[in-house]
Novice: 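Please see the structure below; I have some questions.
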Amino acid sequence: AMRPGRHWEELTTEPKRHGVRQPGASSAYFRGKALDFVVEEPVSALVLAARKLYLFCHGAEIPRDTDVYAARRDSLVVGVLIWPRPVHFPDGVLIPAALLGIAALWRERRRLAAPLAMLAVLAVVTAAFFVTSRHRVPALPLFALFAAAGAPLAWRRWRWFAGGAAAVLIVVLNIPTWETQVSYEGELDFYRGLAATEVHDMRQARAALRRATEVNPDDARAWFELGNILDGRDAADAWVRAAKADPWDLRPSRRAAQAFARHGDLDAAIAVLQASIDVRARPDAEYAPDHLNLAFMRAERGQVAAAIEHVHAAVRADRNYVRATLPRMAEAVRQNAAADPAFLRALEELKP
């Protein structure tokens with residue numbers, strides 16, 4: 001589920017944030033977390049393993065670095081040989097035929113121990129990490145062998161039962177899931193946009209990033225980077241879209257609020273920060289800066305009671321941050337002749 005970006009950085013730097021710095025120690029850190037999860041949540045671990053084994057046998061090609069279904073747009077050959085929904089071809093037919101073939105050939109399992117064991121090892125190793133088309137691809141020749149050797153045998157032996165079983169397997173192994181419906185079709189344009197930004201070709205960068213958002217409007221990364229190279233209200237609107245697509249990343253909502261505030265639209269700034277807090281995608285401490293910013297914005301709008309409540313919410317979220325930040329912000333309020341006395345008193349009471 002994770003793509004290069006903020007989430008990826010957060011995960012890969014987690015060991016260092018916990019004091020793990022020795023070469024190779026990050027692997028032991030993550031292995032320990034995985035084993036702890038298995039011990040503490042054995043049922044959830046079993047369900048997850050079963051889901052991943054199911055995805056290993058699913059007919060869809062789950063993308064990772066590239067999306068084979070997106071490649072159909074640029075290749076007539078790929079378009080003819082590979083089909084997406086409702087029945088993913090060829091794997092949505094090949095793998096059910098292979099599973100039926102394995103059942104038909106089960107009497108010869110000793111003679112076929114090597115390919116069966118190899119397929120089992122590939123399934124277990126892939127499912128132990130995460131299932132994608134590039135990790136599963138070594139298993140496809142084995143599936144093809146069992147389908148070619150076993151499926152005709154199953155038809156000769158069991159006839160209509162085999163046909164019914166094949167139909168059921170095709171339906172079950174083509175059921176849409178979150179993983180099998182993910183599309184990275186917009187990623188090529190996303191990376192084209194980043195590359196153009198690096199060489200300061202902003203016209204090309206804007207065009208590529210806009211295409212990326214059109215193809216995949218749920219990719220917060222493309223909206224965020226588009227906002228970074230736009231100006232004014234357009235930039236704020238792009239950051240708002242990024243915040244809605246991924247409320248876990250607090251950067252877009254904060255930048256949008258700053259942009260709205262600079263242009264005098266405090267109501268829009270307040271709305272975007274409040275929406276970010278309401279989602280609660282991060283621990284409460286992460287929202288302390290947003291509560292403080294909301295306090296000063298609401299005070300400026302004359303909403304003093306709400307402003308004071310945001311100050312107290314910031315203290316509850318992260319008292320140390322507030323104590324370190326408040327003096328500077330309070331001084332700015334004191335210099336404002338129109339500042340509300342009740343709000344000033346609330347700030348004074350919290351000063352260290």
Novice: Shortest non-hydrogen contact from Ser276 to Tyr287?
Specialist: O-CE2, 3.6 Å
Novice: In Å, rounded to the nearest 0.5 Å, how long is the span from CE of Met2 to CG of Leu11?
Specialist: 4.5 Å
Novice: Nearest 0.5 Å, please: how far is CD in Glu40 from CG in Leu35?
Specialist: 11.0 Å
Novice: Just list the side-chain donor-acceptor pairs under 3.5 Å for residues 122-132, sequence neighbours left out, or say none.
Specialist:
{"unit_1": "Thr126", "atom_1": "OG1", "unit_2": "Leu122", "atom_2": "O", "d": "2.7"}
{"unit_1": "Thr132", "atom_1": "OG1", "unit_2": "His135", "atom_2": "ND1", "d": "3.0"}

Novice: Give me the atom names and distance for the closest heavy-atom approach of Trp223 to Pro217.
Specialist: NE1-O, 2.9 Å
Novice: Testing the basics here: between Pro152 and Ala147, what is the closest heavy-atom pair and its distance to 0.1 Å?
Specialist: CD-O, 3.5 Å
Novice: Does a side-chain heavy-atom distance below 4.5 Å link Arg316 with Asp284?
Specialist: no
Novice: Might you point out which heavy atoms bring Gly193 and Ala205 nearest each other, and give the distance in Å?
Specialist: O-CB, 3.6 Å
Novice: If we only count heavy atoms from C-beta on, is the Tyr54 to Val172 side-chain gap below 4.5 Å?
Specialist: yes
Novice: Is there a side chain to side chain contact (heavy atoms under 4.5 Å, CB included) between Arg192 and Leu188? Walk through the geometry before answering.
Specialist: CA-CA 6 Å; Arg192 289 188 185 106; Leu188 289 177; 3.6 Å; yes
Novice: Does the structure place the NZ or CZ of Arg282 under 6.0 Å from the centre of the six-membered ring of Trp248, at an angle of no more than 45° from the ring's axis?
Specialist: yes
Novice: Is there a path of hydrophobic side-chain contacts, each under 4.5 Å between heavy atoms, that joins Phe56 and Val182?
Specialist: no
Novice: Check for me, please, whether Phe30 and Trp8 land in the same ILVMFWY cluster - side-chain distances under 4.5 Å, paths through other members count.
Specialist: yes
Novice: Is there side-chain contact between Pro63 and Tyr69, with heavy atoms separated by less than 4.5 Å?
Specialist: no
Novice: According to a hydrophobic-cluster definition based on side-chain heavy atoms being under 4.5 Å apart (Ile, Leu, Val, Met, Phe, Trp, Tyr only), do Val199 and Tyr191 belong together?
Specialist: no
Novice: May I have all residue pairs that pass salt bridge (Lys or Arg N to Asp or Glu O under 4.0 Å) and include part of residues 11-33, sequence neighbours excluded?
Specialist: Glu10-Arg17, Glu14-Lys33
Novice: Is there a donor-acceptor pair closer than 3.5 Å between any side-chain N or O of His7 and the backbone N or O of Asp249?
Specialist: no
Novice: May I ask you to check whether over 12 heavy atoms, not counting those of Lys52, lie within 6.0 Å of atom NZ?
Specialist: yes
Novice: Got a list of side-chain donor-acceptor pairs under 3.5 Å for residues 262-275, not counting sequence neighbours?
Specialist:
{"unit_1": "His263", "atom_1": "ND1", "unit_2": "Ala259", "atom_2": "O", "d": "2.9"}
{"unit_1": "Asp265", "atom_1": "OD1", "unit_2": "Ala268", "atom_2": "N", "d": "3.1"}
{"unit_1": "Asp265", "atom_1": "OD2", "unit_2": "Arg233", "atom_2": "NH1", "d": "3.0"}
{"unit_1": "Asp267", "atom_1": "OD1", "unit_2": "Arg301", "atom_2": "NE", "d": "3.0"}
{"unit_1": "Asp267", "atom_1": "OD1", "unit_2": "Arg301", "atom_2": "NH2", "d": "3.3"}
{"unit_1": "Asp267", "atom_1": "OD2", "unit_2": "Arg301", "atom_2": "NH2", "d": "3.4"}
{"unit_1": "Gln274", "atom_1": "OE1", "unit_2": "Arg298", "atom_2": "NH2", "d": "3.3"}
{"unit_1": "Gln274", "atom_1": "OE1", "unit_2": "His310", "atom_2": "NE2", "d": "3.4"}
{"unit_1": "Gln274", "atom_1": "NE2", "unit_2": "Asp278", "atom_2": "OD1", "d": "3.0"}

Novice: Could you give me the CA-CA distance, side-chain angles and deciding distance for Glu225 and Thr197, then say whether side chain to side chain contact (heavy atoms under 4.5 Å, CB included) is met?
Specialist: CA-CA 9 Å; Glu225 296 297 341; Thr197 302; over 6 Å; no
Novice: Let me have the donor-acceptor pairs involving side chains of residues 154-165, under 3.5 Å, with sequence neighbours excluded, atom names and distances please.
Specialist:
{"unit_1": "Arg157", "atom_1": "NH1", "unit_2": "Ala104", "atom_2": "O", "d": "2.7"}

Novice: Does any part of the side chain of Phe224, heavy atoms only, come nearer than 4.5 Å to the side chain of Trp239, both counted from C-beta?
Specialist: yes
Novice: Would a 4.5 Å heavy-atom cut-off, applied to side chains only, mark Phe190 and Asn216 as touching?
Specialist: no
Novice: Side-chain contact test, heavy atoms from C-beta onward, threshold under 4.5 Å: evaluate it for Asp219 versus Thr213 and give yes or no.
Specialist: no
Novice: With rounding to the nearest 0.5 Å, note down the distance linking CZ in Arg251 to CG in Asn228.
Specialist: 8.0 Å
Novice: How far does CG of Leu48 sit from CZ of Arg51, to the nearest 0.5 angstrom?
Specialist: 8.5 Å
Novice: Please list, one pair per line, the donor and acceptor atoms closer than 3.5 Å that link side chains of residues 76-102 to other protein atoms, with sequence neighbours excluded.
Specialist:
{"unit_1": "Trp83", "atom_1": "NE1", "unit_2": "Val80", "atom_2": "O", "d": "2.8"}
{"unit_1": "His88", "atom_1": "ND1", "unit_2": "Asn174", "atom_2": "OD1", "d": "3.2"}
{"unit_1": "Asp91", "atom_1": "OD2", "unit_2": "Arg136", "atom_2": "NH2", "d": "3.2"}

Novice: Determine, using the 4.5 Å side-chain heavy-atom cutoff (strictly less than), whether Val137 and Leu53 are members of one ILVMFWY cluster.
Specialist: no
Novice: Minimum heavy-atom separation for Gly186 to Val215, with atom names?
Specialist: N-CG1, 3.6 Å
Novice: I'd like to know if Arg211 and Glu185 make a salt bridge, using a cut-off of under 4.0 Å between side-chain N and carboxylate O.
Specialist: no
Novice: How long is the gap from CG on Asp36 to CD on Glu41, to the nearest 0.5 Å?
Specialist: 11.5 Å
Novice: Do Glu187 and Arg221 sit within salt-bridge range, that is, some charged N less than 4.0 Å from a carboxylate O?
Specialist: yes
Novice: Quick one: does Gln181's side chain have a donor or acceptor within less than 3.5 Å of a partner on Thr177's backbone?
Specialist: yes
Novice: Tell me, do Ile62 and Arg64 make a side-chain contact under 4.5 Å, heavy atoms counted?
Specialist: no
Novice: Under 3.5 Å, is there a donor-acceptor pair between the side chain of Thr180 and the main chain of Pro176?
Specialist: no
Novice: Please tabulate, for side-chain N and O atoms in residues 105-116, each donor-acceptor pair with protein atoms closer than 3.5 Å (sequence neighbours left out).
Specialist:
{"unit_1": "Glu108", "atom_1": "OE1", "unit_2": "Arg111", "atom_2": "NE", "d": "3.0"}
{"unit_1": "Glu108", "atom_1": "OE1", "unit_2": "Arg111", "atom_2": "NH2", "d": "2.3"}
{"unit_1": "Arg109", "atom_1": "NH1", "unit_2": "Trp106", "atom_2": "O", "d": "3.0"}

Novice: Counting only heavy atoms from other residues, nucleotides and ligands, does the tally under 6.0 Å from CE of Met202 exceed 12?
Specialist: yes
Novice: Starting at CG of Leu250, measure out to CD1 of Ile277 and round the result to the nearest 0.5 Å.
Specialist: 9.5 Å
Novice: Let me see the working for Leu230 and Arg210 under side chain to side chain contact (heavy atoms under 4.5 Å, CB included), right down to the final yes or no.
Specialist: CA-CA 11 Å; Leu230 294 177; Arg210 287 192 186 280; 3.6 Å; yes
Novice: Consider only side-chain heavy atoms of I, L, V, M, F, W and Y, link residues closer than 4.5 Å, and tell whether Leu173 and Val68 are in one cluster.
Specialist: no
Novice: Give the minimum heavy-atom separation between Gly227 and Ala235, together with the two atoms involved.
Specialist: O-CB, 3.3 Å
Novice: Do Met297 and Glu300 make a side-chain contact, defined as non-hydrogen atoms from C-beta onward lying under 4.5 Å apart?
Specialist: no
